[in-house]
Amino acid sequence: MINITFPDNSIKSFENIPTGMDVANSISQGFARNCVAMEINGRLMDLSLPIKQDIAISFITVKDEEGLKILRHSSAHVMAEAVLNIYKDAKLTIGPVVEDGFYYDIDMAPVSKDDLGAIEAQMKKIIKEKNTFERKVVTKKEAQDIFRDNPFKLEIINELDDTLEISLYRNGKFIDLCRGPHIPHTGMIKGFKLLKISGAYWRADQTRKQLQRLYGISFFEKKALNKYIHLIEEAKKRDHRKLGTRLDLYSFHDEAAGMPFFHAKGIEVWNALLEYWREEHKAAGYVETKTPVMLNRKLWEQSGHWENYRENMYTSVIDDEEYAIKPMNCPGGMLLYKTKAYSYRDLPVRAGEVGLVHRHELSGALSGLFRVRAFHQDDAHIFMTPDQIGNEVLGVLELAQRIYSRFGLEFHLELSTRPKKSIGSDEQWKEATNGLKAALELYGREYLINEGDGAFYGPKIDIHIKDALGRTWQCGTVQLDMSLPERFDLTYKGRDNEKHRPIMIHRVIYGSLERFFGILVEHFAGRFPLWLAPVQAILLPINQDLAVHAEKIKAELETCKIRCEVDRKNETLKKKIRDAQLNYVPLIITIGDKEKQTNTLSVRTLDGKVKMGLSMQEFIGPVLNNIKERTLKDAIF
RNA sequence: GCCAAUGUAGCUCAGAUGGCAGAGCAGCUCACUCGUAAUGAGCAGGUCAACGGUUCGAAUCCGUUCAUUGGCUCCA
């Protein structure tokens, strides 16, 4: 008699030794069909395993996050089997589940995207066979014997802890070394797709063999796969590199790889972003500063960058002196601080700087505006007394919230603590980390903790925003720095008339203006809200004779600081409207004889709605209001 | 930097097997002067990324370089 306890504390008894599947079936067949694995004593196990003693179990089903991971892990096995069916002498290495699917690193000749179809076809066949995954426990010696032709698996086996049992999984003819667990049978993979191929080093070590990494994704439902594919396609449509070209915002040139060129229209958006940034920062008690782009090597030695960051820095020799283009703004900020003597009464000092920095990123890492070699940080350095940490960090979080919500972006927070390689005493780290924690508590929102993920000079809070497609991006960061004030011997006079060391934080909110711009393009799919739109209104004269009147109106709107253009092309109205719509101009104003005679405007918005007979005042008032409030609302009239 | 793919007109792309470089959009000209998502006709536009090689002949084949794209963190 076996007694099984379920999560709701109910108990069921079985005459004979049941498998996990038997137990699931005893609840209902429908439930069993949706079961993927079971959890016993915190360990995930196959449903096919017998339960030999009284124990508490809970089932992992297709609805659980864990279930999906197991499915994808099993999918990796199926993919590996498919690859082996086609490429007989391929050698498998590891095939884990990752955030967005799974991969398998395989030692084989390079394959191309065109080969994926054949592998997918093989996988389909295997899935159709509904093969079960059979688990077998072997000794280390047996495992070594089975994988004697595979140096990668041997290496893994040799490293395994002797106290662990070594398990193999067989589905069909395919056997792999694996911890498990797996789905009951391959038929549960209802939707899958192989996504991409890349090179990857064995154990991520450049000195070791380069393997082929095949990526795939899979789901329990075909529908979920379609949804995923749809998301990828939607993301593709919003690709800021494509939209940037089409909307004439920015471009990239071979002559300066990774360094974007902003066009006139792009700069309108850029300036609107910065104007808003300045407004918020002024209101939050910041001053704005500016430091040079190129500074002497001595400064970088003092700041520690020469030692820690040199391979990413652009350098040049001028008048026999070595200079480096700044990869960060902070050392310049240090010099600014040192230009005067500070009293505790002066603190906190909040000094912002929209600084242009250059970092020599690996050529393969470059990607549109998202990963560049030259960019502007909306940086600020805050110098303060130790007891101001909580308040100042809180202030940054609140400022960040105000700014992000302006764009309709949600966000979450992550706290990163001391990494292995770091400077400073335990005491300092404790104080700094507690300071950040205190601020987070004051702020009152949940946050994740990334143990050991801080900068070498201090702990930090990262702010991750979530765009309209649900993708997250790390933009803002608040970093406590325990190194630079020391290295530059920053001080302030305390109430006690003694010198004290200020605490310093670095923080950004947009992060990289370039990158944030790119994120916004994708977030809005190119349709900027009115306050950001490069061209806010376009005037379309119905015929050539009306162009003069259109220009007159344009001049009037421009005195109100509304960015506008006249489309003087010798085209039909239909055509001009189409062009304006495709360029996402929020306000499309047609100028015909009727409008000229009555001195009114006929306004079409991007949703295709038309409002006729508006007087200039009826138009300008609400428009300026919408711009001033920087609202995301399309509805203006 | 490493692996793979890609690079043809301002943009999007076609150009098996080597034999005079093409389309649509955009641009320019002309006609039309138009009322809410494409008027028509014509013209112009190219060192086929760069350099080198193979060949009677290269956008096409080979090599090098540059750039772009997807990866290179997730541990049986």
Side-chain angles (χ1 to χ4, degrees), chain A residues 69 73 76-77 80 92-105 109-115 143 147 150 152-161 164-169 176-180 195-215 236 239 241-242 245-248 251-258 311 360-368 371 453 540-547 569-583 588-595 602-606 608-612:
Chain A
K69 279 189 185 162
H73 186 194
H77 276 237
L92 302 178
T93 70
I94 59 167
V97 173
V98 291
E99 208 175 287
D100 228 6
F102 58 86
Y103 69 75
Y104 216 118
D105 281 350
V111 287
S112 79
K113 250 190 159 151
D114 302 334
D115 302 319
F147 291 101
N150 185 326
F152 307 99
K153 294 284 184 191
L154 281 180
E155 188 176 323
I156 293 164
I157 293 165
N158 289 336
E159 284 171 10
L160 285 179
D161 191 336
L164 284 177
E165 60 182 22
I166 296 176
S167 55
L168 303 180
Y169 276 83
D176 198 3
L177 178 74
C178 181
R179 182 168 41 196
L195 300 169
K196 50 204 169 194
I197 308 161
S198 82
Y201 297 102
W202 172 234
R203 308 235 134 148
D205 183 345
Q206 288 197 20
T207 63
R208 309 202 61 181
K209 189 144 192 193
Q210 172 117 26
L211 310 166
Q212 294 295 305
R213 176 169 294 181
L214 307 188
Y215 282 91
K236 228 185 225 164
D239 189 320
R241 293 167 297 200
K242 293 226 160 90
T245 305
R246 207 189 92 199
L247 301 177
D248 195 16
S251 55
F252 296 88
H253 303 272
D254 290 1
E255 288 81 353
E311 63 280 15
H360 188 262
E361 302 288 348
L362 293 179
S363 59
L366 303 178
S367 174
R371 197 70 184 271
D453 219 22
L540 311 182
I542 277 174
N543 62 48
Q544 298 280 287
D545 297 336
L546 289 160
K569 279 202 297 284
N570 190 6
E571 287 289 352
T572 57
L573 181 64
K574 271 178 190 291
K575 167 72 168 160
K576 291 190 206 183
I577 285 172
R578 185 182 144 85
D579 287 347
Q581 291 263 171
L582 290 176
N583 282 319
I588 301 168
I589 304 171
T590 47
I591 304 289
D593 286 316
K594 213 181 341 178
E595 284 77 15
S602 162
V603 182
R604 182 186 166 112
T605 39
L606 277 185
K609 292 205 179 91
V610 181
K611 191 106 180 170
M612 305 226 251

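Chain naming here is simple, since letters A, B, ... match the order of the sequence lines and numbering starts at 1 in each. Hydrogens, waters and symmetry mates are skipped; everything else that's a heavy atom, side chains included, is used.
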Q) So what does I156(A) touch, heavy atoms closer than 4.0 Å: a base, only the sugar-phosphate, or nothing? A) sugar-phosphate

Q.
Using a 4.0 Å heavy-atom cut-off, does L582(A) contact any base of the nucleic acid, only the sugar-phosphate backbone, or nothing at all?
A. base

Q.
Quick check: closest heavy atoms across Y215(A) and S198(A), and the distance to 0.1 Å?
A. CE1-OG, 4.0 Å

Q.
Within the 4.0 Å heavy-atom criterion, would you say D105(A) contacts the bases, only the backbone, or no part of the nucleic acid?
A. nothing

Q.
For G35(B) and R604(A) - does any side-chain N or O of the residue sit under 4.0 Å from the phosphate oxygens OP1/OP2?
A. no

(Q) Is Y104(A) close enough to A76(B) that one of its side-chain N or O atoms is under 4.0 Å from OP1 or OP2 there? (A) no

Q | A37(B) OP1/OP2 closer than 4.0 Å to side-chain N/O of K609(A) | A | no

Q: Please determine if a side-chain N or O atom of R241(A) lies less than 4.0 Å away from the OP1 or OP2 oxygen of G70(B).
A: yes

Q | Quiz item: T572(A) side-chain donor-acceptor pair to U39(B) base, under 3.5 Å | A | no

Q: Quick one: label E571(A) by what it contacts on the DNA or RNA (base, sugar-phosphate, nothing), any heavy atom closer than 4.0 Å.
A: base

Q: Identify whether any heavy atom of K576(A) sits under 4.0 Å from a base atom; if not, whether one sits that close to sugar-phosphate; answer base, sugar-phosphate or nothing.
A: nothing

Q) Taking only N and O in the side chain of K574(A), is any of them less than 4.0 Å away from OP1 or OP2 of U36(B)? A) no

Q. Y215(A) near the nucleic acid: base, sugar-phosphate alone, or nothing, with a heavy-atom cut-off under 4.0 Å?
A. sugar-phosphate

(Q) Please determine whether any donor N or O and acceptor N or O are separated by less than 3.5 Å between the side chain of R213(A) and the base of A4(B). (A) no

Q) Between the side-chain atoms of N570(A) and the base atoms of C34(B), is any donor-acceptor pair under 3.5 Å? A) yes

Q) Looking across every strand, which nucleic acid part, if any, lies under 4.0 Å from G368(A) by heavy atom: base, sugar-phosphate, or nothing? A) sugar-phosphate

Q. What nucleic acid atoms does L160(A) come within less than 4.0 Å of, heavy atoms only: base, sugar-phosphate, or nothing?
A. base

**Q.** P gap between A16(B) and U6(B), integer Å
**A.** 15 Å

Q | Same-atom distance (C1') from U65(B) to G7(B), integer angstrom | A | 14 Å

(Q) Can you see if the side chain of T590(A) gets near the phosphate of U36(B) - specifically, an N or O under 4.0 Å from OP1 or OP2? (A) no

Q) Base, sugar-phosphate, or nothing for N543(A), non-hydrogen atoms under 4.0 angstrom? A) base

Q.
Below the 4.0 Å mark, does A38(B) have OP1 or OP2 next to a side-chain nitrogen or oxygen of R578(A)?
A. no

Q.
What contact category does S367(A) fall into here, base, sugar-phosphate, or nothing, at under 4.0 angstrom with non-hydrogen atoms?
A. sugar-phosphate

(Q) Roughly how many Å apart are A5(B) and A49(B), using the C1' atom of each and rounding to a whole number? (A) 16 Å

Q.
Within the 4.0 Å heavy-atom criterion, would you say I157(A) contacts the bases, only the backbone, or no part of the nucleic acid?
A. nothing

Q: Remember a base hit wins even if backbone is also touched, and classify K569(A) as base, sugar-phosphate or nothing at under 4.0 Å, heavy atoms.
A: sugar-phosphate

Q. Which one is paired to U69(B), where only Watson-Crick or G-U wobble pairs with both distances under 3.5 angstrom count?
A. A4(B)

Q. Which value, in whole Å, describes the distance between the P atoms of nucleotides C62(B) and G19(B)?
A. 15 Å

Q. Is any N or O donor-acceptor pair between the side chain of S602(A) and the base of U36(B) shorter than 3.5 Å?
A. yes

(Q) Under 6.0 Å from the ring centre and within 45 degrees of the ring axis: does the NZ or CZ of R213(A) meet both conditions for the six-membered ring of Y103(A)? (A) yes

Q. With distance as the sole criterion, do the side chain of E595(A) and the base of G35(B) form a donor-acceptor contact below 3.5 Å?
A. yes

